[in-house]
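The residues of the chain are indexed from 1 along the displayed sequence. Please read these numbers as outputs of a predicted model, since none were measured by experiment. The figures here come from the full heavy-atom set of this structure, side chains too, leaving out hydrogens, waters and symmetry mates. For ligands, and for the atoms within them, numbers begin at 1 and follow the listed sequence.
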Amino acid sequence: MSASVANADPSVSATRIEGLGDNEFTRIADSIKTEAGICLPESKRTLVHSRVSKRLRATGMTSFREYCDFLDTPQGKAERLELLSALTTNVTRFFREPHHFEILKTVTLPPLVEKARKGGRVRIWSAGCSSGEEPYSIALTLLSLLPDAGKLDVKILATDIDKHILHQGRQGIYDAEDIEMIPADMRRNAFSAAPDGDASKYEVGAAVKQLVAFKPLNLISPAWPVKGPFDIIFCRNTTIYFDAPTQHGVWNGFERVLAPGGYLFIGHSERVNGPAAARFSTAGLTTYRKNS
Ligand SMILES: C[S@@+](CC[C@H](N)C(=O)[O-])C[C@H]1O[C@@H](n2cnc3c(N)ncnc32)[C@H](O)[C@@H]1O
């Protein structure tokens, strides 16, 4: 196998990509399950065909078998990351699931704001942060209560497995329609016209950006490169793609790095279950608190 991104043939974009056979679908699904914990059931075959076809075109290949063989070679390592990026679902938006931000503003953050004002340390983690809308929504909520948060020991860690989406998060540039749901006063204060002069795009301001650090992190890694303890963890709409044992491992990991009494916010269709469940109490809709 000699193909690589470097020798991609642009004429291939016009070439018809073959169908995705059982064997290659299984090889791709197994690879994504091993790398990221993401389960791709048979019902996702059309989606996999469409997204992986783009990777075939980018690498100049026309056969899924050739592509899968390439992934298995040492030279295929970088392409395995591209495949992962192609197959992750990055859907997100500012202030998604608004009830969480209400709890954050009225219940969870006020004591932490007091702690920070007295010189205490406050740490928040957005795990599976996608393109940054979630950690920036947390930062905007925090700044509404603590405008000088940037001068205090307050930090938001934003992690994701997908390096391309992390890059977008760090850039913090969004379409006008993406920031429409942000309350008008917050929007005016926190965003400015994007530097490239495109009037339809806005950039998150420095005061918000400086609170958020974007880092790569795979939630199914046996050891997470995080120190903790965290006062708050958001991990929403990320574990839905994992099987039950993988989810249990993630909940256990969050329980380990959360401070006693720390909050865990999860997605609307997720539940904390398995061995860690006994060490959390419900604190609202899809909101949990680690027992003290
Ligand atoms: C649907 S988005 C959720 C974004 C945001 N939390 C929200 O609720 O709007 C799921 C994110 O999880 C990330 N992800 C998937 N598997 C992951 C893993 N094993 N480790 C870390 N992030 C992962 C994906 O790259 C994607 O950006």
Side-chain angles (χ1 to χ4, degrees), residues 28-41 44 47-48 51 55 80-104 124-141 156-172 174-175 178-179 181-182 204 212-226 230 232-254 257 263-272 285-288:
I28 289 168
D30 286 352
S31 153
I32 292 303
K33 172 81 170 58
T34 307
E35 301 255 350
I38 296 170
C39 300
L40 291 171
K44 299 273 183 193
L47 176 141
V48 171
R51 294 195 185 174
R55 293 310 313 154
R80 286 203 293 279
L81 293 178
E82 296 298 336
L83 175 67
L84 190 57
S85 185
L87 289 174
T88 49
T89 299
N90 304 121
V91 175
T92 187
R93 58 185 176 274
F94 284 100
F95 292 97
R96 184 180 197 182
E97 300 181 38
H99 58 279
H100 284 158
F101 293 93
E102 197 50 37
I103 296 175
L104 193 64
I124 303 172
W125 180 12
S126 163
C129 64
S130 190
S131 39
E133 287 86 334
E134 180 177 278
Y136 288 138
S137 300
I138 298 169
L140 289 166
T141 309
I156 300 166
L157 172 68
T159 66
D160 203 283
I161 196 171
D162 178 352
K163 60 178 183 167
H164 294 307
I165 211 73
L166 282 170
H167 176 68
Q168 282 185 41
R170 274 185 208 106
Q171 282 191 313
Y174 301 96
D175 290 338
D178 295 336
I179 66 168
M181 66 282 290
I182 300 174
V204 180
V212 184
F214 287 91
K215 304 267 187 243
L217 185 145
N218 185 349
L219 285 167
I220 70 156
S221 298
W224 294 336
V226 297
F230 291 96
I232 301 170
I233 298 176
F234 274 65
C235 183
R236 307 184 310 160
N237 309 301
T238 296
T239 70
I240 32 170
Y241 306 104
F242 300 166
D243 61 16
T246 310
Q247 289 174 351
H248 295 171
V250 173
W251 307 140
N252 269 329
F254 288 153
V257 298
Y263 282 80
L264 172 63
F265 294 92
I266 65 174
H268 61 281
S269 61
E270 296 162 322
R271 294 290 170 271
V272 172
L285 189 59
T286 51
T287 305
Y288 294 81

Do the ring centers of F254 and W125 come within less than 6.0 Å of each other? yes
Applying side-chain contact (heavy atoms from CB on, under 4.5 Å) to I240 and not counting sequence neighbours gives N237, S269, E270
Residues 215-226 vs side chain to side chain donor-acceptor pair (under 3.5 Å), sequence neighbours excluded, gives none
Checking A36 now: which residues fulfil side-chain contact (heavy atoms from CB on, under 4.5 Å) with it, not counting sequence neighbours? I38, L84, I161
Contacts for ligand 1, heavy atom under 4.0 Å, by chain and number, are A36, I38, T88, T89, N90, V91, T92, R96, G128, S130, E134, D160, I161, D162, L217, N218, L219, R236, N237, T238, F242
Y174 side chain near Y136 side chain, heavy-atom distance below 4.5 Å: yes
Measure the shortest side-chain to side-chain distance between F95 and I182 over non-hydrogen atoms and say whether it is less than 4.5 angstrom. yes
